[in-house]
Amino acid sequence: MAKYPPEPFRIKMVEPIQLLDRPQREKALQQAGYNLFALPAQAVFIDLLTDSGTGSMSQEQWAALMQGDESYAGARSYQRLAQAMDEVTGFRYFVPTHQGRAAENLLAALLVKPGQYVPSNMHFDTTDANIRARLGRPVNLVVDEAFDPSSDHPFKGNMDIQKLRSFIQEVGRENIPLGMITITNNAGGGQPVSLENLRQVAATYHEAGIPFFIDACRFAENAYFIKLREPGQSHRSVREIAREIFSLADGATMSAKKDALVNIGGFLAMNDEALYRQACNELILREGFPTYGGLSGRDLDAMAVGLHEGLDEDYLAYRLGQTAYLAGCLSEAGIPIIQPPGGHAVYVDAGSLFPHIPRDQFPGQALAVELYLEAGVRTVEIGSVMFAYPDPDSGEIMHPRLELVRLAIPRRVYTQSHLDYVVEAFTRIYARRDRVCGYRFTYAPDLLRHFTARFEPVQQQETAF
Ligand SMILES: *Cc1c(COP(=O)(O)O)cnc(C)c1O
């Protein structure tokens with residue numbers, strides 16, 4: 001049996017949640033076009049849709065909110081955030097943004113020209129889409145182990161350095177305006193990247209003269225995995241490891257809604273002064289003045305505190321322990337998951353759970369729908385709904401390698417009994433897995449379609465022959 005770590009906090013404020021009955025859940029789902037993003041939150045009992053901005057703030061963060069300085073320019077809140085940024089990341093310049101994708105938009109607007117390539121281990125959906133929106137081409141060069149759900153490689157988020165070198169050779173440095181890496185690798189199972197790999201990635205980009213940006217949403221969880229798993233790193237503090245990670249790069253984008261433990265916020269950081277000046281101009285055009293970047297002063301203060309709290313090692317041990325507990329229980333129940341579990345989420349391999357559902361009928365979507373029907377649990381598909389796009393050269397539909405469902409765990413929100421309840425729902429679905437049907441689109445936009453698409457069930461007799 002996996003062990004559940006006792007929470008290193010106690011609860012001082014509660015938010016009621018309610019489970020609708022089955023007919024109400026069926027109705028809510030039909031009205032939502034079988035897209036869980038379209039459900040009203042009150043129709044959801046346990047919400048594992050995302051760990052983004054859904055965490056609980058600490059008493060220190062709530063206290064910091066009260067000190068928010070709402071001055072338009074040069075607010076004290078900005079100064080406190082700038083100090084935390086300097087202590088935690090060490091980048092010379094940064095602009096606050098309202099969330100991660102705003103930082104990605106700025107970066108893509110400034111650097112990516114039509115037809116250019118941006119390599120990474122794996123881009124997350126918003127990064128991928130922001131590069132495509134500038135007519136650039138996101139490229140994923142993660143190690144092959146990332147696609148083997150049973151491989152227990154400790155750093156499945158690593159970049160394949162050979163693939164990266166050949167890719168740079170093949171398309172030419174002049175067609176690569178920046179290189180990235182995502183830590184942890186959200187789209188590939190929340191898997192960490194080793195410090196050794198980050199050093200090699202940095203060296204490879206820099207040898208070719210390519211600026212290196214980190215998508216740093218879960219830098220603290222990644223640093224804690226390095227401490228736990230990487231030879232020679234266990235004696236170092238997570239804070240020190242994180243500083244080294246940032247020191248390898250020329251800049252970073254971050255959604256502070258993840259490891260900075262706030263409900264809204266983000267940043268774009270960099271060492272290059274000219275790029276910073278351009279970023280300020282773009283920011284003023286789209287987000288706000290460079291000392292608030294589309295956020296209120298109090299948001300900046302909560303982020304300043306959260307950047308430090310996210311590195312607390314008792315918190316990180318509990319955080320990764322909770323995820324490992326859920327993964328362990330699901331595994332014991334026979335549910336195929338990506339092993340080893342990542343930091344912020346457990347990824348269920350819906351493709352192997354439902355081998356009878358073809359990929360263009362979205363096995364991941366089918367599982368997400370079923371979890372809601374069964375237990376009021378909301379999750380998200382990370383498979384062909386999210387990532388199957390036509391190849392820009394051939395027009396052929398390119399499916400992602402895996403059809404996954406992500407159970408993202410909000411930070412400091414749910415307890416062991418909530419997770420046990422989720423496991424029980426899985427057990428019941430597992431028992432009738434052969435009878436679960438696929439889905440097809442009735443509406444889908446061109447980009448980021450998982451947010452707004454609508455579906456209908458594909459009846460079993462239509463597929464059986
Ligand atoms: C959440 C996330 C983003 C985007 O951040 P938002 O705050 O949702 O805009 C980018 N990259 C990764 C890896 C993420 O997890």
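Counting starts at 1 for both ligands and their atoms, following the listed order.
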Item to check | R411 versus H344, side-chain donor and acceptor atoms under 3.5 Å | outcome: no
Checklist entry - Nearest to atom 11 (N) of ligand 1, what protein heavy atom do you find, and at what distance? => result D215 OD2, 2.7 Å
Checklist outcome for this item: If you scan protein heavy atoms around atom 8 (O) of ligand 1, the nearest is R101 NH2, 2.9 Å
Item to check | Element-labelled atoms of ligand 1 that are located less than 4.0 Å from some non-hydrogen atom of Q99 | outcome: 6 (P), 7 (O), 8 (O), 9 (O)
Checklist entry - salt bridge (charged side-chain N to carboxylate O under 4.0 Å, His left out) between R218 and D51: does it pass, once the steps are laid out? => result CA-CA 11 Å; R218 297 179 183 80; D51 64 320; 2.8 Å; yes
Next on the checklist: Given 3.5 Å as the limit, does a donor-acceptor pair link the side chain of N35 with the main chain of A453, or not?
Outcome noted: yes
Checklist outcome for this item: Note: ligand 1 atoms sitting under 4.0 Å from heavy atoms of T126 are 3 (C), 4 (C), 10 (C)
Checklist entry - Just heavy atoms, cut-off under 4.0 Å: does K257 contact ligand 1 by side chain, backbone, both, or neither? => result side chain
Item to check | Ring centers of F225, F155 separated by less than 6.0 Å | outcome: no
Item to check | Side chains of E282 and Q278, donor plus acceptor under 3.5 Å | outcome: no
Checklist entry - Do T184 and ligand 1 have an N or O pair less than 3.5 Å apart? => result no
Checklist outcome for this item: One finds that the ligand 1 atoms under 4.0 Å from a non-hydrogen atom of S255 are 5 (O), 6 (P), 7 (O)
Item to check | Nitrogen or oxygen of T182 less than 3.5 angstrom from that of ligand 1 | outcome: no
Next on the checklist: Once rounded to the nearest 0.5 Å, what's the spacing between atom CD of Q339 and atom CG of D152?
Outcome noted: 8.0 Å
Next on the checklist: Any nitrogen or oxygen of C217 lying under 3.5 Å from a nitrogen or oxygen in ligand 1? Just yes or no.
Outcome noted: no
Checklist entry - Taking the six-membered ring for Trp, are the ring centroids of Y4 and Y325 within less than 6.0 Å of each other? => result yes
Checklist entry - Counting distance only, does the side-chain N/O of T182 pair as donor-acceptor with the main-chain N or O of T184 below 3.5 Å? => result no
Checklist entry - Do any heavy atoms of R218 fall under 4.0 Å from ligand 1? => result yes
Checklist entry - Where the closest heavy atom to atom 14 (C) of ligand 1 is concerned, which of E104, K258, H123 has it? => result K258
